[in-house]
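Reviewing the structure listed below.
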Amino acid sequence: MRITNIEVIELRLPEVKEQCDGTQDSLIVRVHTDEGIVGLGEIDTVPSVGAAVVNAPYSHTMATGLREILIGRDPFEIEKIWDDMYWKTIYYGRTGPVLHTMSGVDMALWDIMGKVLNRPVYQLLGGTFRTSIPAYASVLMPETPSEAAALAEGFLRQGYRAMKFGWGPIGKSERLDIELVKAIRSTIGPEVELMIDAGLVWDRKTALRMARKYAEYDVFWLEEPLPPDDLEGYALLSEQAPMYIAAGEQDSGRKAFQRLLDEGGIDILQPDLGRCGGLTEAKKIAYMAYDRNTKVVPHAFKSGISVAACAHLVAGIPNGFTLEYTMSESPIARDLVRTPVSLTNGCIEVPQGPGLGIELDEDIVTRYRQN
Ligand code: MG
């Protein structure tokens with residue numbers, strides 16, 4: 001079997017608002033083979049930049065586009081292909097958009113392998129640790145406590161037993177930051193898990209002060225309270241904050257995650273499978289965390305492709321325990337995948353079909369396609 005083409009599809013809603021919402025656009029990758037099997041992946045980057053990383057013609061041995069590297073290759077050579085993609089882009093890669101784009105291509109190769117072998121991807125990762133995974137509802141923090149409470153109530157009604165609110169107004173006013181969390185906790189009661197994603201907004205002392213205040217409302221983890229490069233700040237915070245500190249969605253490549261663990265003291269690593277280097281790299285990151293008795297919760301705020309990939313990863317590693325499920329109403333998040341991952345009693349059932357076990361809705365692709 002040989003790879004014959006890498007197709008990139010840029011999706012974008014007609015109206016994109018000024019907010020930190022990754023479900024307003026996406027970059028889908030389809031890896032085609034000479035046997036007619038097509039692998040599907042999703043890239044979480046600026047879509048036109050990721051498309052350029054695939055389409056770029058050969059410049060020199062360490063600067064080329066990914067299509068040039070993959071055409072004619074056996075998709076089962078997944079580690080060798082990953083290594084080639086890394087080295088043949090090293091002048092302009094190593095992290096950022098190149099690693100993001102490699103991630104989606106890698107995801108598609110795992111999908112191909114599963115389809116050829118007629119097995120779900122999690123089984124190829126080396127074993128089944130779980131097939132029913134508690135999911136947490138993940139949403140942007142609204143502007144007012146009453147809106148936050150109403151959202152929380154809706155998630156409860158849908159069966160979620162854990163939820164995360166993030167970004168939005170957080171960081172503008174400490175009083176409001178506390179009122180928002182207080183309103184959510186008083187709505188959901190003591191049993192439901194609550195996570196807060198601060199969205200990179202605080203300095204070290206503010207983050208520690210807020211962590212202590214949030215502990216009064218039993219916040220299970222505090223996510224990205226500091227800028228991603230403030231590893232010294234993360235180390236201080238992890239040492240002193242009462243709850244778990246989570247981070248990792250901004251990073252690509254296992255060395256960045258090693259630094260988060262060893263220099264930042266991060267409690268919960270959050271590799272995004274469309275950014276970190278794909279399933280191949282995420283498995284290495286997960287075991288690096290496992291060696292340090294640390295958990296992994298993959299970040300996912302795109303379409304059902306990312307959700308499915310995360311479900312397979314968490315099913316196939318020892319130190320996964322929950323899944324992020326975006327509550328965004330964007331049709332890219334809601335409708336792009338024709339067989340959405342199903343939720344029962346707050347748990348996602350890992351797709352059992354071959355590969356990632358999902359199919360695209362071609363009408364949605366046509367409606368939002370930009371290229
Ligand atoms: Mg986050």
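Counting starts at 1 for both ligands and their atoms, following the listed order.
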Donor-acceptor side-chain pairing of Ser26 and Glu42 below 3.5 angstrom | yes

Here the N/O/S atom of Glu249 closest to the Mg ion (ligand 1) would be OE1

Quick check: does Glu224 put an N/O/S atom under 2.8 Å from the Mg ion (ligand 1)?
-> no

For the Mg ion (ligand 1), the closest N/O/S atom belonging to Asp197 | OD2

ring-ring contact (aromatic ring centres under 6.0 Å, His included) partner of Tyr136, chosen from Phe165, Tyr325, Phe321, Trp221 = Trp221

Quick one: do the Ser138 and Glu324 side chains pair a donor with an acceptor below 3.5 Å?
-> yes

According to the interplanar angle, ranging from 0 to 90°, do the rings of Tyr287 and Tyr290 count as parallel (below 30°), tilted (30 to 60°) or perpendicular (above 60°)?
-> perpendicular

Atom name in Glu223, limited to N/O/S, at shortest distance from the Mg ion (ligand 1) = OE2

